[in-house]
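Every number for a ligand or one of its atoms is a count from 1 in the order of the listing.
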Amino acid sequence: MKNTIFAPATAAGKAGVAIVRVSGPDATAVFERFGVRKDIEPRKAVFAKLKKADGTPIDDAVVLYFKAPNSFTGEDVVELQTHGGRAVLSSVLAELSLIDGFRPADRGEFTRRAVENGKMDLTAAEGLADLVDAETEQQRKQALRQMNGDLGRLYDGWREELVRLLAWSEAYIDFPEEEIPADVSERIRGKITELKAAVENHLQNGKRGERLRDGFQIAIVGAPNAGKSSLMNRLADRDVAIVSSTAGTTRDVIEVRMDINGYPVVIADTAGLRQTDEVIEAEGVRRAKKRAKEADLILAVYDASAPVEDSETKAFQGGNVLKIMNKKDKVSDCSGEGLWISAKTGEGTDALLDRIAGFVENALSMREEPSLTRVRHRQSLEEYRDYLERSLSAPEIELAAEDLRLAMRALGKITGAVRVEELLDIIFKDFCIGK
Ligand SMILES: Nc1nc2c(ncn2[C@@H]2O[C@H](COP(=O)(O)OP(=O)(O)O)[C@@H](O)[C@H]2O)c(=O)[nH]1
Ligand SMILES: [Mg+2]
């Protein structure tokens with residue numbers, strides 16, 4: 001018999017109302033324990049005076065009952081909405097832990113039960129976790145979409161197609177001479193080729209979903225004293241990095257998270273690029289270069305007033321590099337190539353922000369088809385694609401069919417149709433308690 005689990009569903013701390021959620025076969029034992037009348041109708045808010053077993057009052061509360069299977073977890077669920085004081089909450093939790101078969105919920109356990117009871121697939125559960133974590137508007141939209149099953153439906157569609165292809169293959173294997181059209185093997189191959197093209201396309205635009213979850217990465221690079229830290233502070237609108245005329249001040253990578261038009265952006269200020277014998281600074285330069293290599297967008301900052309050419313920064317070229325001429329206020333001729341700004345006065349930084357927003361939007365904006373959002377999706381999808389590919393070059397139809405079965409398994413791992421317990425443990429560890 002399964003335990004009945006309980007946990008606060010609201011964040012810890014003082015608040016107007018706190019919600020404690022109980023789910024499991026014995027959830028309705030709560031009524032008796034707290035001296036609430038037992039004939040509570042499902043889905044109806046009921047006012048109740050919660051009492052301890054010895055009859056002393058705990059708090060006035062609103063009680064909600066969701067009868068299985070019509071609840072979030074698919075089990076009997078009881079919600080106690082009490083006042084949000086710490087003492088009230090700990091008193092309710094202490095009382096719950098005394099009920100037979102009751103125990104505190106693990107991280108994500110409510111959602112895990114919902115998945116196990118077929119209330120949602122794994123991608124939807126992940127979408128729900130992302131929705132709780134969403135910090136920007138676009139992250140929220142993507143998470144909501146995934147929670148509502150868009151991604152799961154896409155993969156289910158592919159799975160159904162595979163089931164059909166497998167059935168055809170098997171008929172072909174079992175009755176090679178009977179009334180199966182001669183071109184069936186060609187038709188199967190054609191369909192597999194289509195599926196493969198679809199997943200390849202999906203994998204390509206997939207980085208967008210992962211980036212929207214983790215943030216678009218921008219690295220500010222340039223020579224010492226070019227004004228990188230000043231620019232970082234300008235963009236973040238606060239003093240995050242130390243600005244100084246002493247070259248080599250910034251040594252480690254300093255990050256700020258920003259919301260640009262609803263998109264999450266991580267801006268990194270880095271150590272100035274120059275040859276140096278100083279060990280710590282050299283490490284800083286190494287980290288700066290590494291960060292730039294991983295970035296989605298590089299802001300290459302030049303000191304427009306400097307008399308010498310900056311060849312280290314010039315090494316950064318390409319479609320994801322924005323050339324920025326800083327210290328505009330110090331020079332009279334601003335006609336050269338690049339975006340001219342003054343990190344000191346703020347001139348030109350609005351235009352720069354617009355340019356950045358353009359890059360971010362182009363990289364992260366939502367497409368018609370939902371995007372994969374996690375490395376684990378990518379890994380399974382690559383596996384799936386490889387099996388499709390292998391089945392196309394299989395020497396016999398029996399082997400091709402086996403590859404299709406393996407491809408189906410790889411897809412099933414993403415949605416949870418194929419259950420891998422360790423995988424579930426990893427996924428739900430990222431959840432909060434009470435979700
Ligand atoms: N006149 C002027 N000085 C600037 C500008 N941006 C930065 N500085 C100055 O240049 C020096 C180095 O700035 P900092 O941001 O620390 O450069 P970093 O080494 O590239 O991070 C400081 O003295 C800043 O005040 C600017 O746009 N105009
Ligand atoms: Mg600096």
Using 2.8 Å as a strict upper limit, say whether an N, O or S atom of S229 approaches the Mg ion (ligand 2) that closely.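 Yes, since at least one N, O or S atom of S229 sits under 2.8 Å from the Mg ion (ligand 2).
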For the Mg ion (ligand 2), decide whether T250 has an N, O or S atom at a distance under 2.8 Å.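 Yes.
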For K323, is the NZ atom crowded, meaning more than 12 foreign heavy atoms sit under 6.0 Å from it?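 Atom NZ in K323 is crowded, with more than 12 foreign heavy atoms closer than 6.0 Å.
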Please tabulate protein-ligand N/O pairs under 3.5 Å for ligand 1, atom names and distances to 0.1 Å.
unit_1   : atom_1 : unit_2 : atom_2 : d
ligand 1 : 1 (N)  : D329   : OD2    : 2.8
ligand 1 : 6 (N)  : N326   : ND2    : 3.2
ligand 1 : 10 (O) : K327   : NZ     : 3.1
ligand 1 : 15 (O) : S229   : N      : 3.4
ligand 1 : 15 (O) : S230   : N      : 2.8
ligand 1 : 15 (O) : S230   : OG     : 2.5
ligand 1 : 16 (O) : S244   : N      : 3.1
ligand 1 : 16 (O) : S244   : O      : 3.2
ligand 1 : 17 (O) : G227   : N      : 3.2
ligand 1 : 19 (O) : N225   : N      : 2.9
ligand 1 : 20 (O) : A226   : N      : 3.3
ligand 1 : 20 (O) : G227   : N      : 2.9
ligand 1 : 20 (O) : K228   : N      : 2.7
ligand 1 : 20 (O) : K228   : NZ     : 2.7
ligand 1 : 21 (O) : S229   : N      : 2.9
ligand 1 : 21 (O) : S229   : OG     : 2.9
ligand 1 : 27 (O) : N326   : OD1    : 3.2
ligand 1 : 27 (O) : K327   : N      : 3.4
ligand 1 : 27 (O) : D329   : OD1    : 3.4
ligand 1 : 27 (O) : S342   : OG     : 3.1
ligand 1 : 27 (O) : A343   : N      : 3.0
ligand 1 : 27 (O) : K344   : N      : 3.1
ligand 1 : 28 (N) : D329   : OD1    : 2.8
ligand 1 : 28 (N) : D329   : OD2    : 3.4

Yes or no on side-chain hydrogen bond (donor to acceptor under 3.5 Å, both in side chains) for T373 and E126, after CA distance, side-chain angles and deciding distance? CA-CA 9 Å; T373 52; E126 287 171 330; 5.3 Å; no
So which pairs with a foot in residues 403-435 pass ring pair (Phe, Tyr, Trp, His ring centres under 6.0 Å), sequence neighbours left out?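 Pairs touching residues 403-435 that pass the test: F428-F431.
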Counting C-beta onward and ignoring hydrogens, is there a side-chain heavy-atom pair between C334 and K328 closer than 4.5 Å?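 Of all side-chain heavy-atom pairs linking K328 with C334, at least one is under 4.5 Å.
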Does the side chain of F72 reach to within under 4.5 Å of the side chain of M120, using non-hydrogen atoms?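 When only atoms from C-beta onward are counted, M120 and F72 do touch, with a gap below 4.5 Å.
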Please round to the nearest 0.5 Å and tell me the distance separating atom CG of L381 and atom CG of D386.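 The distance works out to 11.0 Å.
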Thinking salt bridges, do D329 and K344 make one under a 4.0 Å N-O criterion?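 Answer for the salt bridge query: no.
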